[in-house]
Every structure is written in C-alpha cells, then in structure tokens.
Participant: 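The structure that follows is given in the form of structure tokens.
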Amino acid sequence: MTAPTLAVRHRLAERGIDPQLLLLVPATVFVVALFVYPFCYGIAVSLQPAQGGALAAYRTFFSDAYQRDTITTTLAIALPAALFNVLAAVPIAYRMRGRFRGKRLLTTVLVVPITLGTVLTAEGLLNFLGPTGWFNRVLIFLKVTDQPVTLTHNYWGVFFSLIITGFPFAFLLVLSYLSGIDPSLERAAATLGAGWVQRFFRITLPLLAPGLATTFCLTFVLAFSVFPSAILVGDPSGSTRVISIAAYEAAYVRYDYAGASAAAIVMGAVELLVISVVLGLRSLLYTGSTAGGKG
Amino acid sequence: SPPDNNSPATSASGPVPDKPAEAVTLNVLDVAGNLQLTQPMIDDFVAKNSGVIERVTYTKATAPELVGKIKAQQAANRVDIDLVLTGVDGLAAGIDQQLWVDLLPAYASRLSGMNNYLAGAAAMQKLAGNAGVTVTYYPSGPLIEYLPAKVPDPPKNAQDLLAYAKANPGAVQYARPSNSGPGRTFLMGLPYLLGDTDPKDPVNGWAKTWDYLRQLGESITLYPSSTSETMKNLANGSAKIIASTTGWDINPRVLGTVPKEAQVGTLDGFHWVADAHYAVVPKGVSTDKQAAVLNLLASMLTPEQQAKAYDKGYFFPGPAVDGVTIEMAPPESQQAIKDYGRPEYPQLIANNPIEVPLDASALVKAFDRWDREVGGSKVKK
Amino acid sequence: MRRRIVASPGAWIVWGLVAIFFVGLAGVIGSVVVNSFGVRWFDTWLPEAYTVDWYGQAWKDFTLLPVLTVTLVVCLLVAVISVLVGVPAAYVLARRKFPGSRLLYLLFLLPILMPPITYGIPLATVLYKYGLAGHLSGVVLANLVPSVPFVILTMTPFIEQIDPAVERAARMCGARTRHVFTSILAPLLVPGILAASILVVVRTVGMFELTFLTAGPDSQTLVVALFYSMSAAGIRAQQSVDAMAVIYCVMMLTLLVVALRFVNPTQLVARVKEDPE
Amino acid sequence: MTTFETLRLDGVTRRFAGADALAGLDLEIRRGEFIALLGPSGCGKSTALNCLAGLLPLSDGSIWRDGTRLDTLPPERRGFGMVFQNYALFPHMSVRKNVSFGLKMRGVARAEIRRRTDEAIRLVHLEEHAAKLPGQLSGGQQQRVAIARAVVVEPSLVLMDEPLSNLDAKLRLEMRTEIRRLHQNLGLTTVYVTHDQEEALSMADRLVVLRAGRVQQIGTPEEVHNRPANRHVADFLGFRNLLPGIAGGGSVKINNWQVSGTPVGAVAEGDPVVAAIRPEDVVLGGGSGIEVTVEVVEYHGREIAAEARTVDGLPLHLRTSERLAPGDKVAVAFPPERLLVFPA
Amino acid sequence: MTTFETLRLDGVTRRFAGADALAGLDLEIRRGEFIALLGPSGCGKSTALNCLAGLLPLSDGSIWRDGTRLDTLPPERRGFGMVFQNYALFPHMSVRKNVSFGLKMRGVARAEIRRRTDEAIRLVHLEEHAAKLPGQLSGGQQQRVAIARAVVVEPSLVLMDEPLSNLDAKLRLEMRTEIRRLHQNLGLTTVYVTHDQEEALSMADRLVVLRAGRVQQIGTPEEVHNRPANRHVADFLGFRNLLPGIAGGGSVKINNWQVSGTPVGAVAEGDPVVAAIRPEDVVLGGGSGIEVTVEVVEYHGREIAAEARTVDGLPLHLRTSERLAPGDKVAVAFPPERLLVFPA
Ligand SMILES: Nc1ncnc2c1ncn2[C@@H]1O[C@H](COP(=O)(O)OP(=O)(O)OP(=O)(O)O)[C@@H](O)[C@H]1O
Ligand SMILES: Nc1ncnc2c1ncn2[C@@H]1O[C@H](COP(=O)(O)OP(=O)(O)OP(=O)(O)O)[C@@H](O)[C@H]1O
Ligand SMILES: [Mg+2]
Ligand SMILES: [Mg+2]
C-alpha cells in the first residue's frame, strides 16, 4: 500500500468511510435492483396517463374531492390507531419488563393476534361485534342497550381490526426495545427519589423513545395501508374509504394504471411526510448505548 | 426495458394445430369461481384424453389482479397461464388491455357447441367479442330473498319495496355492488323495473334509478361488502329482505348459510340481467397449448359435460347450451336441486326478458356513481 | 414480603386494559372457531349442531397441504434472508454516520411505504424476464422487497442500544467482522431479530399482491388461497371460509409458538442485569 | 428529608441461587457516623449496600429506621443517596442533568437546583465537562459525576460503593477530604465501601470487615488495624507474613525458631497457630534476628518492598527504606507487640 | 502472533469535537517493555490506549510496527490484547466463554483452549464463578474476568486500562505480581494505565506521564519519582507541598523564610518558583526547623498524615509515625536533596 492511498484512507476513515460500509452492499443492491427500478417505472406510469399532461393523474386525484378526501379519511384512521397501539403497548410492556411467573405465557397470548391474519380478524369482528354477535347479545342480555350497537361496517370496525393486528406488533417491538435498557438506571433513579412515574417519564421513556418512534412508524405504515379490513369490516364507499381503496379501484376496477400509481404515490408521499416528521424528531433524541457505566 | 403496454409478445404465433404435438400441461386460472362448475368437466376430459393434456394445474384468484399478472408475464415474454376462466369484468379488462388471443372467428369451426347456445348465452357471447368463449351462463336476478316467517307479505314491486324499507329502517339490504353479484344485478335490474330512459347508460339514462337508490338508501343502515354478509344477516334476522340471484338463492341454502325455508320473490316487470363465465387464452400461449385448450373447450360445450354445470345450484341453472336438462346432471346435483331448487324458476326464466349486463366501462361508471352518491353519501348512523 | 400485594391504580388500569383486550380477542377468535365447527348458526348464542366437515372441505377445495408447505418454505426463506441481508445494513446505518447515510436510510424506507401497486407489476416483469417468477424463487425475491427494509428499520434501535464497547472488546480478542456478528451481535440482538422475523413472517404470509403477481401454479401461498376465498366471486359457505382462516391461524400460531419456544422474547439482552426475582 | 437516630440491620441476608452473598449482617448505624465496609472482592459489600438502599429484596432479616421497618419501603421512599460501583449514569442526560436529577425529583426550586448543581459539579472538577453526555467522559470523570449526583441531594444516608476507585492519587486524596467535609458539614451518615484500607482507615469512624458474606469484625480503624479479630482479617489488612507454627507458653515455634508475639483470641499451648506480621513491622538488622536472603526487590518510591526467604525456606515480605538488592543477606526481628498470634 | 521489535507512535493525536484529548504523543515501545501511562483523570490515557489498539481513528500522526504502518489496520488484525477500563465483558457469555473467546477467534485447538482458559481463570481466582454470567458477578470479579480475557491469548502487546482499580489491596498485590510474571514469562510487551503511582513505580520499566493530552515526562520509575520534570508532574506524583517562592542563589525564599533545595529546570535568581516536597520527606523535630501547628490529623494505620500550618499561614502536609494531635506545635525541616525547585 502506498503512502498516498494510506493518506486517502485515513481521511476517508475520518469522515466515516471505511470497508465496513461494504456491509450495506447486499441490501443496497437488493433494493436498487428489485425496488428502485420497478418503482421508477411506476412513477413513470403515473406520469403517463391515457389523456392529459404529465401531471394529469395527480391533478385528477386532487381535483376530485371524493378522491382527495381519502387522504384525510386514511389519516383519521391510521394516526389514532397507530398512536393507540403504541401508547397502549408502552404501559403494558413496561409492567411486564421484570420477571414474574407466567410472563412467557402472557407475552405469547398478547402476541397471538398477529397470527390471525386479516381474514380471520375480519370474520371474527363481523361475527363477534355484528348485530347478533356475542357482544351485542351480552349487552342486550344485560339490558345495557335494547338496540344492537353498530360496531362493524363503519369506522370502529376498521379501528378495532387495526388494533387487533397492530397492537401485538407494537407490543412485541416495545417489549423487546424495553428489554435492552439497563435496569440499573431505573434503580439509580429510584435512589435519587424518583417514583415510578418519574422513573418512567425521565429515564425509561427517553431511552425507549427512539424505539417508540420506529414502532410508531411501522404501525402507522401498516395502518395506513389498511386495505382488506377497510373493505371487509369497514364502509368502503363512505367513512372508511381509504386511499388504498382509491388506488385499488383505479388499478383494478377502472384499469387506470396512471391514476392508481398516482394515488399510490400520493399515499406513499403522505406516509413519508408523517414518518419524516417522526424520524426527524427521533434524530433529536438520544440514541445510543443504554448502558450506564462500566461492567 | 420497461414492460410495454400495448404490444404484448406473441411468441406463439402461427396456425394452431389440431392437436398438440405431445401432451401438454395446462395451467388454468379461475377468477370467477367457475371451477366449481367446470372442474369436473376438465378433469373428465383429461382423464379421457391424456394424449392431449397430461396434467392440469388450477389456480384461483380474484379478477382484478389477473390483469396485472398477465401483463407482467407478457411483458417478460413468459406466459405461464394457458387458460383463464373469468366473468364479464375480467374478460372486459383483458380485452381493454389486449391480453387475450382472438379465438374467434378463426377457430369457431372447432367449437361446434357454440352454435347451440341458449338465447341468453348467445347474447352474453356477443358481449365477449372475439376473445372469450362462454362456458356457463345463468339469468341471475334481480330477486329479493326473505324469510316468510318474518316477512309474511313481501313487496311485489319496486315501490312496495321502497315503502317497506321506509317502514322498516335497516330491514332491506343489498351488498355494495362492486363487491357483490346480487348487488350489481339489483343495480342493473332497477332501470328496467323503474322504466328508465336508457338502462344501458348509467350516466345519462338512469335518473329514476339513482333517485330510487337514494331514497332507498335513507332507510338502509348498512351496505355490507360481500353477499355472504347479507345472507348471514338474513339468516340471523338483522336483515329482512335482501337482493339475491338464482344461484345465491339455492346454493347457500344447500350449504346451510341460509335457512332452507327462505323464499325468493320478484318485483313486477323485472328483466333478468344475465351473467356468464368465459374461457379465454392469454396472448403468448404456445400454439400447442392453444390446440389443447380448443380441444378441451369443444368437449366442455357438449351437452353431457354442460350438465355438470347444474352443480348444487351454484349458478342455477348453469349450462350455456341448449337442451341440457337436469336429468342429465350428476345424481348429487339432481338431489340438491330437488331439495332446494324452486319449481317456479323455469317459468320465470321463460316468461321474463333476459338482458345482457352493462359493458365494463359503463359498469365501472355505475359503481363509481353508486359509491359517491349512494354508498358514500350515507351519513353515519 | 417480596412483592407488594396491593397493586397501584396504574397497575389496575393496565391489567384492566389487558383483560379487555383478552376478552375481545377471545370473542373474535371464539366466534370464528365456533362458527367453523357449526352446521348452521343463525340468531342464537351457539350453532345448532357441530361438524368438522368444513375443515375437510376447505382442505380439499384449496389443496391446502401443498399450499401450506409452500407458505412455510416461503416465509422461512424470506425471514432468514431478510435478516441476513438486513441486519448488517441496519448495523452500519445505526452505528455510522457517513455522507449520504440519511439518503440511504430514506431509500430503505421507501419500499415499506410504497404500496405494491406502484411497483408490483414492473417487479413481476423483471422477475419473469430472468425466469425467476413463477417459482418459489420469484415469490421469495418479491417478498424480500418490503421485508429487507422492514428488518433494517426494526433493527436499527436494537443495535443502537448495544454498547459499542462490547464489540470493541470482541475485536481486541481478534474477532473479524463476521465473528463480531455471529458471536456478539447476533446473541445480543436475538430478541430484536426474533421480533423482526416474526413480523416479517406475518407480513410475508399476508402479502397478497406481490405473492400473487409472482407465484406460479405451484408456488402460491396460503394468503392467495385465502384472499381468494374471501373476496373472489362465487358462493362459499361462511363456515368454510372460517375453517380456512382457522387453519391459517393455527399454522401461524404454531410457527409463533415454536419461535418463542426456542427463543423466549422475555429472556433478553439485559436478562442478566434484571432483578433476580 | 427523613432524618433518623439509628438505622438497624437485623440479620440481613441475601442469597443468589442458593448461595449466600450476604449472611446475617447485624449492624447499628448511628446518625452522623461514617461506616466503611471492607473486605475482599466478592465478599458481599455491594450486596449489603444494595439491600440497604432497597434495590435488592432481602432474603431474610430486616432493616429498621428508628422504630419503623424500612425493608418493605421502595428505594425512592427511603431518601438515601447512592454512588453505584458501576456508576449507572443516565446515558441520555448531560452531566449537569445527571447531577440535578435528584434535586428535581425532590421538587427543589429552580434557582436552588442551579446553585447546588453548579456547586456539586465544581466539587468534582467537572465544570468544563458539564454539558457532555456520560458517554463522552473518561472513566474517572464518569465516576465523579456519580459522586456529585449522589451528594448533591444531601441525603440522610449516603451509600458509596468504591466511589474513588478510578481516580488518580491526587484527586482521590482531594475527593476524600471533600467527602469527609460534606459528611461533617451536612451531618450526613455515610456507608462507604472501599477496597483501599488506607481510605477506610483514614475516613471511617467504624469499619465493618466482611468475608464471604459474613461479618468478621466491627470496630474503630485503630482496633481493626492493630487487633484484627482473626487471621483472615489480618491477612486482608496487610499482614502479609502469615507464618504457621505451634503455640508455646507466650511464644510461637515456627519451624525450628522461637518468636514471641501477642496472642489474639483463644490460643492454648500446643495449638497450631498462625503468627502474623506486616512487612513494614519487620525490623531489619539487630543481632538477635533471624537471617534471611533477599530474593525479589520492588521499588516503591521512597521505600523498598522485598521478598526474602529464611534458611529453612519460609518466605518473608519486608518493607524498608534501606537499599537492598537480591542476594543480600540480612537479619530480621519481629517486635512482639506487632506479631499477632491467631488460632490457625 | 505478530511479534515486533519496536512500536513507534509518531505524533499521535486524537481530537473530540475540536478539543485535543491526546496531542502529539511520540513514544517508542520496545519489545518486552512494560510501560505505564500515568496522569490525572481525563488526561488522555484511555484515549492513547484506544488509539494504539485501533479502536479510535487517529486525528493525526501515525503508528508504526517496525517498518509497517499500523494505524490503518483494523483492531482485530493487530493482534493486541486489551483490558478495558469499563471491562466491556460479553454480557451473554459465561465467565469461561468470555475468557476463551479470544482463543476461539484465533482457532486454537479445543483441548488447548480448555487448558489455557482454566489456567487463566485460576490465575484470577474465579474458579467458582466460571459458569456465571458477567451480570452475576461483583465489580471486582468482573474486572478479573477482563484481565483473564486479555492475557489468555498471550498477545504480542497487551494494553491494560486500570486493570486493578476495583480490587482489594491484597488481591491487587497478587495480581500485580501475576501480571509482571506473565509479562516476563511470556515475553509480552505491556502498556499499562494506572492512577496508582505505587503500581506504576513498582511495575513499569518506563513511565509516561500525561497531562491534558500532552506528555510531560518519559522516564524510569526512579527518574520520574525523584526528578519530576515539572511542577505538574511533581504535584501529581505526591509532592503535596507546593510552596510558592522566589529563587535566590541555591535557595528559595518562601514568605520570609529561606530554604535550600535542588533546582529542576531553568531557575534563575529572582524567578518566581515553586518548592515541592512530599509529606513523607518533611522531617519532624530538629532545632533548626520551621515551627508549624498541627491542624488536622488522619490516622493511616502505622502512620499519621497531618495537615499543619506555619505561623505565616502556609499549609503543610506531613507524614510521620509519631503520634501527633491537633494543636501540637512541632518544628519541621526540609532535606535540601528532597526539596525540588521548579520554575513557577
Ligand atoms: N467521545 C468523546 N467526546 C468528547 N470528549 C471525549 C470523548 N471521549 C473522551 N473525551 C474527553 O477526552 C479526555 C480524555 O479522555 P480519556 O478517557 O482518555 O481520559 P483518561 O486519561 O483515560 O481518564 P481516566 O483516568 O478518568 O479514565 C477527557 O477529558 C474526556 O472528557
Ligand atoms: N445476580 C447474582 N447472581 C449470582 N451471584 C451473584 C449475583 N450478584 C452477586 N453475586 C455474587 O455475590 C457475591 C457478592 O457480590 P458483591 O457484588 O456484593 O461483592 P462485592 O463485595 O461488592 O465485591 P467487589 O469488591 O468485587 O465489588 C459475589 O460472589 C458475586 O459473585
Ligand atoms: Mg462491589
Ligand atoms: Mg480512562
């Protein structure tokens, strides 16, 4: 190795470039080959509608209130659902971070719903919460109500299905992230007079926050692309007409691929916007080792 | 290079031989639930003609995704779906995207069964243009279905139905038309019932229909997103009158999703809006395989094979060709129809006009308008 | 007195929520399971009579055995490959800042965000061109597109949590990058890898569009069959669909329980630092 | 702040997987006392502190503050401060935030927090590093943050687990003085774990010597230093020369030479005993001495530490300011009041 | 194993956020040498070790092994061993696995791994704890695992960052001997960071004294101990009495008394100087002495450390075996060869 190349290496290493970056290669190659190229093609399609100029598909999408409103509809479903999932997962995971008998069983049971699949969830919700399902039967039996409560084929049906599939997902991630935090930090806080509320909010939560941000992003993405349940347990032409339905109809009912790609790309862009905000906030947080000293 | 929209590869051009050079494996894709009726026909053919078709694989999917998949294959010049069984929607989408081989009129001579179509089936075949071959057919609906115990005095006409709905909010149900056969049959049947100016033009000719649907919608609490749901609701009592078709009347009662005692009714002055399933061949399938498909289709259009289409009332009656009676059907079929069929159907079919459904683009417009104005405008209740 | 018996109000709320969740879950699963065994179930608390016929029928109708096998193979392959490809990338992105790292991160985010509608068909075309689609390999590759980024995104916080000093120590012991991964990072990341792979498996099994677009007649997975049974035209007994959904769920559950048996998610990175109680 | 008069540990026991890490510790701590826990590595010192702080549940025994039972109280309600052996700094907080954390928890007024935090940071000489995160500090700097964090809240009882182990000699001396000064000025009670005898001897009012989870001796520094309760304590406290012998009336027979010493504990004639003496107490020269050969010499600044061997092969550690070289032969003597005789 | 003749550090510099943690370290390490890095907390000792190990990229300078440049080589290719200041044990591996890890990485045969691992564990007295995970060990036990892990591979260069800081005196002495013995028997080269002067003086062949990232002095223990290169080194090395004064021909004027001392460095008459002497070098009694009043007395086992004050208010640290009490007045004298005079 000659001196100049050494010097170059040196300087590159200073800026964070060294052979370790090769570890990125497989994933990058992968994504570029199998995603970027087809995706660019998808964008190109969205810019080549059957009639109109390059942006016609987007213009159509945004000028039609029925299409445009799908964005807010989707956000109105996805944001609360993702938030709820993450916020509910945190206290439960926090309660379960120590050791106790039956923890494994409880964890498993809490995680079970991710195995249900959309179809079972939808079927189950329709059966269980439907007008003559057990839920309404119990309510009527207990005389809480005399008319069945409508919880399916509307906003709530979709919301519940997102919780059933999203909560375990969030819980699993949060529990795992929590377990990576050194418990001696909380102990240290306790000796400094911090009760559990303060320990939670000042020690655990800040250390967990980067993980929570990621969890939120992932549950949000899952919720945002809600499609089967929006149709099966929702009200697909009204209150749960989410953007993926708009894209689906464009592509598969009207065979308007430009419109479909445009809707889908708008969908991705909205997600990206939300996620960029969250990840941007995340980068302001402390990320790094959660160990508190030596040993 | 990116897949090209408009010139799917046709590596397999040239004349189609009478028989494949050697026995082929056929990949069949069903997007219409048609195999329920035709799989026995195909299996029978393969069993008897192993020199033509060695093996058949079956794949089932929903119609919309079909187009994407075939486009992808054609763009890459590797089509591995040899025969598609589809309803009107998939067929039209494929025609629109130029996915299908024109089997007609080139090979009409090899499909002699086509000369023998029932009148309704022949009309449906016209809708298919040169690409599809009608394999099964039924006049469909619109019918209304109810439990006699709960609806002792069913509505007799469209206005009755509306009045009934107003009197019993939530009692009338039909599924979202774009997700449901009976739903769309009801939608397409209404212009005939109400006497709209152009029953084939949902945009300009359906003024009465849209008005009616809006009014009806005021007393409808729910548009389920599948027919099964409406059936379930009928069974459990949360809906009292639902839209139905002949097949959806008989088969669910056979399966037990709907009580056997459920009854169907018709509304005065209704026209049948027929439905059919088609066989199509994607462009890019080799001539050998095309030959095998043609052989297979010829066999499927014979009356003895068509009799299998009676099934358990799934697509009642089912056969597309004339002269196929229930007595020719397999015994289980005969038993099911005997137990659950309705003696009045032959009469109703014979005595009411049979219309072809809307073409694909008109249907899409109708769906869109329904979604916007009927389904979507519904305030949350 | 080891543990305070009287739980705080906070604990009551949390366990109350858990209980409500469980009741709802039991209702949802229970009603599907009961229905799948029911002969007829109309407006009553329980079905009129019971049968297992729906399972037999679902099994036959959808030729479930090969479908199950394919599903299993596909999702295991996808999980393993996406972990193998994704974790090293996540490692670099978590540990290192270099020019363009943010851009790369964004690039890895996109496949999760973009619905398959935008790239599914061209992707299938590419895979068909190279003769990969129509077989298992195509299905696996297509499913890797959202899975690899998914693993990257999930694993990044896990990797950030690990003290880099431990890695340095391994290097001082002469461990090459490969060994650092296999001997140090992998065991420490087990909970994360496990969580990520479970989620990847679930997503893969549930990924309808990409699978359908790239599957051949012999490589379709359960969800394709299931989605079809749910959404396709035609008449099907509700119970049969439910039976199918139960079969699906049982299969996933088996996978999950097996995964949790081998690696307990509660036995985690800091297990040794936990309270010994 | 909960003050107290006495803190009583009553048979405090802690088991890990069946093995006693701490067995039956009885101790009464009076207000204002400075107690040092001393003992070999792994003897249970940190365990004792953790039990006291409430971070480890007791396997047995109880802890009482004046009349009230303490061991069922969670750590945050005990009002103690602690310097952890592994620091346990909050990695996401700057030095300043780490230090002020306890004050915030106690709801101290903002200006007061500022003042006291600044003072504590100044105390440990980290003014320049106040804005850094723990991960950006050197080991010794981290340790000092841990000290500052514990003392800034002026707790009624402060527990320190080897708080100076990573500091250099000069700083250590300084910190020692500061800790004593805080202890006195604020009237704190301190329990201090150290492995450094000099630290223990110079700082504590009372020493508790542990070994394998059991108390060996409790006493003032002078008592413990001059009169270790048994051979283990002696060994631990720098009696490097432990010579096995047989007790004879007032003297000990080691191999074939006779030396006189001070018996500690019950030593009867003819018993096997161990005669113990510190290297620095061995006197060089003097005619009556035992002749030894110097083998290894270590330079310790002003002094020399040497390893020598008697003619009959017994090794002997010496410490002297005389210049010795390996191979030198010197005569040594044992002052009887410095040679302690323990039962073997 | 890559052996070498010399290891040369050439202006090795490491900056953190613009601040030099280590500035221009030049050092040549010969094979078999035992080098101690000494310096106050935060002076850059760990940084130097990390640079040498390849764990921190250099901001400047280079490292050479014989003729080949080393600093671009990743740590695992350098073949060094290291004891980390914060141990950095593998939390998921038992003690035994931690120790044997390096051997496994080097592809040593299984039987040999077993033998050497057992031996290393025995060396650090952890036989009973071999199956435990690091989280189940006491602080000192963890530190010993770190030592065993580093030495078991017998690396050509072993870097130790305060390896004995958490051990008790007895064990520390023992480990010191073991480390020296290993160093000699295996012909290792050792760079040893410590904050303990005695340790540095007794173990090292050469000392490197750092302050704020810069080398202050490099020399043998005796040189450094007796002739600190400047007042900072002196201060750090136990010259607790640093008395400001004015140089006069051969003597120093401190306040209004005159003492004679040994000048170090360029001291011209009339210059402001600092006269430095260790507490233990201050001689008590003697008529000619300066009278001081004892203020604080600390008991240190055999000796007493006292703080006294001259009549003109100058504080003075003493160390003596005489019994003093606060308030005592004694006369002290400074042996001129022990009183070093540095430019201020
Ligand atoms: N990542 C970092 N960012 C900023 N400053 C740092 C970082 N790491 C170390 N420093 C600073 O560099 C200086 C030298 O640190 P180093 O760890 O080398 O000290 P040290 O001599 O080992 O001290 P100690 O004896 O306390 O361990 C310290 O002042 C420290 O605060
Ligand atoms: N979680 C645990 N599981 C099993 N044994 C443990 C655990 N924690 C501590 N021990 C054991 O208990 C004993 C006492 O540990 P402790 O930490 O109290 O020692 P220590 O006196 O503080 O030692 P040091 O001076 O080395 O810090 C040790 O032998 C240790 O191995
Ligand atoms: Mg300890
Ligand atoms: Mg250091």
Side-chain angles (χ1 to χ4, degrees), chain A residues 16-17 21 23-24 26-27 30-31 34-35 38-39 41-42 91-92 95 98-99 103-104 107-108 113-117 119-120 123-125 127-128 132 134-135 169 172-173 176-177 179-180 182-184 210-211 214 221 225 244 247 251 260-261 264-265 267-268 271-272 287-291, chain C residues 11 14 17-18 25 27-29 31-32 35 43 45 85-86 88-89 91-92 96-98 107-108 111-115 117-119 122-123 126 141 145 148 153 157-158 160-161 163 191-192 195 199 202 206 226 230 242 245 248-249 252-253 256 260 264-266 268-270 273-275 277:
Chain A
I17 301 174
L21 297 193
L23 290 172
L24 280 171
F30 197 86
V31 168
L34 289 182
F35 174 74
F39 178 63
Y41 181 76
I92 295 175
R95 281 268 149 210
R99 277 187 197 183
K103 171 171 178 174
R104 189 164 166 158
T107 314
T108 312
I114 52 175
T115 65
L116 296 184
V119 173
L120 194 145
E123 280 286 295
L125 283 172
N127 286 352
F128 177 62
T132 59
W134 286 338
F135 183 75
F169 177 96
L172 188 62
L173 281 180
S176 312
Y177 289 134
S179 72
D182 186 347
S184 65
T214 305
V221 168
S225 53
S244 48
S261 295
I265 283 168
M267 172 173 165
E271 283 178 70
L272 193 61
T287 58
S289 161
T290 50
Chain C
V14 168
L17 272 179
V18 172
L25 191 62
V28 166
I29 299 179
S31 55
V32 172
N35 195 29
D43 189 14
W45 284 91
V85 176
Y91 172 79
V92 177
R96 311 289 300 278
K97 288 284 160 269
F98 53 92
L107 177 70
F108 285 133
I112 313 181
L113 302 186
M114 288 301 159
I117 287 181
T118 54
Y119 62 93
L123 168 64
V126 172
L141 280 175
V145 172
V148 168
L153 199 61
F158 283 108
E160 281 167 351
Q161 283 182 342
D163 190 351
L199 301 177
V202 169
L226 194 63
M230 231 0 227
D242 286 359
Y248 169 95
C249 172
M252 295 300 296
L253 200 59
L256 179 78
L260 297 191
N264 180 355
T266 62
L268 300 164
V269 182
K273 285 185 175 170
E274 259 174 52
D275 280 331
E277 231 52 23

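In the text below, chain A, chain B and the rest are named by the order of the sequence lines, each starting its count at 1. A quick note: this is a predicted structure, and the numbers were derived from the prediction, not measured.
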Participant: What's the separation between atom OG in Ser179(A) and atom CD in Gln161(C), rounded to the nearest 0.5 Å?
Facilitator: 7.0 Å
Participant: Within the structure provided, determine whether Leu199(C) and Leu173(A) are in side-chain contact (heavy-atom separation under 4.5 Å).
Facilitator: yes
Participant: By a 4.5 Å heavy-atom criterion (distance strictly below it), what part of Leu25(C) contacts chain A: side chain, backbone, both, or neither?
Facilitator: side chain
Participant: Could you tell me the separation between the CG atom of Leu107(C) and the CG atom of Leu24(A), rounded to the nearest 0.5 Å?
Facilitator: 10.5 Å
Participant: Quick one: of Phe39(A), Phe30(A), Tyr177(A), who has the most non-hydrogen atom pairs under 4.5 Å with chain C?
Facilitator: Tyr177(A)
Participant: Where the side chain of Glu271(A) meets the backbone of Met114(C), is there a donor-acceptor pair that is under 3.5 Å apart?
Facilitator: no
Participant: Top residue by heavy-atom pair count (under 4.5 Å) with chain A, among Leu17(C), Val14(C), Val85(C)?
Facilitator: Val14(C)
Participant: Could you work out, with side-chain contact (heavy atoms from CB on, under 4.5 Å) as the rule, every residue matching Val28(C), not counting sequence neighbours?
Facilitator: Leu125(A), Phe128(A), Ile164(A)
Participant: When heavy-atom pairs shorter than 4.5 Å are enumerated against chain A, which of Pro88(C), Ala89(C), Gly86(C), Pro111(C) gives the highest number?
Facilitator: Pro111(C)
Participant: Measure across Val221(A) and Ile112(C) and return the closest heavy-atom pair with its distance rounded to 0.1 Å.
Facilitator: CG1-O, 3.4 Å
Participant: Measuring heavy-atom distances to chain A, does Val148(C) have an atom under 4.5 Å in its side chain, in its backbone, in both, or in neither?
Facilitator: side chain
Participant: Kindly give the heavy-atom pair with the smallest separation between Ser31(C) and Trp134(A), and that separation in Å.
Facilitator: N-CZ3, 3.5 Å
Participant: Verify the neighbour count for atom OH of Tyr91(C): are there more than 12 heavy atoms of other residues, nucleotides or ligands below 6.0 Å?
Facilitator: yes
Participant: Using 0.5 Å steps for rounding, measure from the CG atom of Leu113(C) to the CD1 atom of Ile265(A).
Facilitator: 12.0 Å
